[in-house]
Amino acid sequence: MNAPTPSTAAGGAAHAELHARHKAVLPDWLALYYAQPLDITHGEGRHVWDAEGRRYLDFFGGILTTMTAHALPEVTKAVAEQAGRILHTSTLYLNRPMVELAERIASLSGIPDARVFFTTSGTEANDAALLLATTYRRSNQVLAMRNSYHGRSFTTVGITGNRAWSPTSLTPLQTFYVHGGVRTRGPFAHLDDDAFTAACVADLRDLLGQSGGNVAALIAEPVQGVGGFTSPPDGLYAAFREVLDEHGILWISDEVQTGWGRTGDHFWGWQAHAAAGPPDILTFAKGIGNGMSIGGVVARAEVMNCLGANSISTFGGSPVTMAAANANLAYLLEHDLQANARRVGGLLLERLRSAAAGVGIVREVRGRGLMAGIELVRPGTGEPSPEAASLVLEAAREGGVLIGKGGGHATPSVLRIAPPLTLTVAEAEAGAAVLESALRTAEARLTGGAEA
C-alpha cells in the first residue's frame, strides 16, 4: 500500500476561492473542518483526493457514511443501472428494490414481525421513531441519554443531550436525561462496571418516579457518535429494559452510527445488551447507503402500524438509493466486513493506544471495532482541550489523514476515527503512524516543546 500523500501546504487557491463562494451563500452555522477547508473531488477504496490533487487516507468516511469503500464497483454499477431504468416513483407505487431491502433488513434486525419504513437521513429516521413511540404510548415524554445526539430536526434537537448540537430549548417533547452513556466521566465514573450499572438503574427509577412513569420511550445510541464514541458497560440497556418493561416504555436503539457491523463484536450495537432482547424500535442510516441518502426505522408491526392518518415518503425508498443499499449490504455480508472491523479495528485501537502512551494531551483512547475515539485534555489536567483537537486535526491532514471531532463539551475535544470497513492492516498502520506524529506535534505546540 502506498502511504498517504502529505499535503505540502494548508490549502491553496482552488480551496480559497470555493470557500469564499461558500461563505457568501451558505449559513454561518454550517460547520467546516480545517482553517482552510477542503474541496474533496473523488475517492477510491479508503482514499480521497482534493481539488488540488492531494491524496488522503479517509479515516472518517463522510461521518461514518462511506461504510464499505469509495467508488465501490458493485454499488456504482447498481446505481448506474437503476438510474438508467427509472430515478424516482415515490412510495405511492410498488417498488421492488425497496421491498427487497426491507425484507433483508427486517430479517437482520432481530425484531419479530418487523416492518420497515425508509427515510432520507438518520435525523428523519429518529424523528419517525419518536412519532411512532409517542403515538403508540399516547405520551410526549421521552427518556434520552446525557451527551447524546440524534439529529438536527426540531424534534431531534429536543432530545439531544449534547448542548453543542442543540441550538434551541424549544421542543414538542418533555425530555428527561439519564446517566449511563459516558463510562469514564460523571458522578459514577469511579465505580466498577456492575456498580456503575446499578447506579444508573437507580437513577432511572428515580427519574421515572418524578415523571410519573408516563413515558413513551427511551432513545439511546449503543455507542454515542457525536458525543465522542463513548459507551456504557455491556448490559446496561438490558438492565434499563427491565425497568422500562415495568411501565410499558418502549426502547429505541439509535443505530445510525453503530449498525451494520462497525463495532466488530456485533452486527447491531444493541446486541452488546442482548439479554434484553431486541429493541422495540431500531433506527438506521449513513453506512447502509455508502454515501447515498438513506435512513429508516424498523419496528414490530403493532408499533409501526399505530398511526391513524395517511402518510407517504416522496424520497424515502427511492429506487436508486435502494439499489445502492442492496448492493452495499450484499457486499458487506458476502465479504464479512464485520469480522474485518473486529480484526483490523482491534489492531488499530492497540496501535493508537501505543501511540498515545506518554502523550500528555491524551486522556483516553476508547472504542469498538472501527469506531475509535481519542479524548484530549489540557496537559496536566483532566479538562477537555478543543485546542488540542483542532491542532491534531490539522496536523493529521498535513500528514495525509482525514479524521473527525466530537465530544460532550461546547467545543469538540475528542478525535473520531471511523474508516471504511474494508480498511487493511497496512492502511491501519499507516494511519496510526500519522496520528501518532500529529498527537506529538500538537502537544509540542501547546507546551512549547520540540515538534515530532
Side-chain angles (χ1 to χ4, degrees), residues 62 64-129 131-132 253 255-256 259-262 267-268 278-279 281-307 309-338 420-422:
L64 291 86
T65 298
T66 305
M67 180 169 69
T68 48
H70 291 280
L72 187 72
E74 290 81 352
V75 172
T76 55
K77 179 183 177 185
V79 168
E81 289 179 350
Q82 181 59 52
R85 290 191 291 269
I86 191 166
L87 284 170
H88 177 72
T89 59
S90 90
T91 55
L92 290 170
Y93 304 94
L94 289 173
N95 178 336
R96 188 173 299 275
M98 181 171 68
V99 172
E100 290 173 349
L101 184 61
E103 289 171 339
R104 280 180 160 178
I105 292 174
S107 176
L108 290 165
S109 73
I111 296 175
D113 195 21
R115 300 293 187 271
V116 183
F117 174 70
F118 291 105
T119 68
T120 60
S121 69
T123 291
E124 191 186 347
N126 284 331
D127 209 66
L131 172 64
L132 291 172
S253 185
E255 302 275 354
V256 169
W260 319 110
R262 178 166 286 280
F267 193 76
W268 303 107
I281 303 174
L282 178 153
T283 62
F284 62 86
K286 291 189 180 288
I288 184 62
N290 205 44
M292 298 296 285
S293 183
I294 181 175
V297 184
V298 189
R300 66 180 191 270
E302 65 174 313
V303 175
M304 184 66 81
N305 294 333
C306 74
L307 301 184
N310 293 327
S311 190
I312 63 166
S313 182
T314 304
F315 293 106
S318 158
V320 175
T321 58
M322 296 296 98
N326 270 309
N328 195 45
L329 182 56
Y331 185 92
L332 178 139
L333 295 172
E334 289 165 9
H335 292 82
D336 196 5
L337 296 190
Q338 178 185 334
L421 302 190
T422 51

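Note that the numbering runs from 1 along the sequence shown for the chain.
Residues F284 and W268 keep their aromatic ring centres 6.0 Å or farther apart.
Rounding to the nearest 0.5 Å gives a distance of 6.5 Å between CD of Q338 and CG of D336. For the atom pair CZ of R300 and CG of L132, the computed distance is 11.0 Å after rounding to the nearest 0.5 Å. In this structure, L64 CG and W260 CH2 are separated by 14.0 Å, a value rounded to the nearest 0.5 Å. Atom-to-atom distance recorded for E255:CD and T283:OG1 is 7.5 Å, nearest 0.5 angstrom. Atom CE in M67 sits 11.5 Å away from atom OH in Y331 (nearest 0.5 Å). Put simply, CG on L72 and OG1 on T66 are 10.5 Å apart, with the number rounded to the nearest 0.5 Å.
N326 has its side chain within reach of P97: a pair of non-hydrogen atoms, C-beta onward, lies under 4.5 Å apart. Two residues are said to be in side-chain contact when any heavy atoms from C-beta on lie closer than 4.5 Å; T68 and L421 fail this criterion. A 4.5 Å side-chain heavy-atom check between P278 and P112 finds at least one atom pair inside the cut-off. Taking the side chain as every heavy atom from C-beta outward, P279 and I281 never approach each other to under 4.5 Å.
E103 pairs with exactly one of I105, V99, L101 by the side-chain contact (heavy atoms from CB on, under 4.5 Å) rule, that one being V99.
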Verdict with reasoning, R115 to V298, per side chain to side chain contact (heavy atoms under 4.5 Å, CB included): CA-CA 6 Å; R115 300 293 187 271; V298 189; over 6 Å; no

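Judged by distance alone, with hydrogens and angles left aside, the side-chain atoms of N290 form no donor-acceptor pair with the main-chain N or O of A325 at under 3.5 Å.
The two residues A327 and A78 come nearest to each other via the heavy atoms CB-CB, 3.7 Å.
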Just distance, no hydrogens or angles: give the donor-acceptor pairs under 3.5 Å from side chains in residues 79-87, sequence neighbours left out.
residue: Q82; atom: OE1; partner: R85; partner atom: NH2; Å: 3.1
residue: Q82; atom: NE2; partner: I86; partner atom: O; Å: 3.0

Pair up each side-chain donor or acceptor in residues 314-323 with any protein partner under 3.5 Å, not counting sequence neighbours, and list the distances.
residue: S318; atom: OG; partner: V320; partner atom: N; Å: 3.4
residue: T321; atom: OG1; partner: S318; partner atom: O; Å: 3.0

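Taking a 6.0 Å sphere around CG of L92, one finds it holds more than 12 heavy atoms contributed by other residues, nucleotides or ligands.
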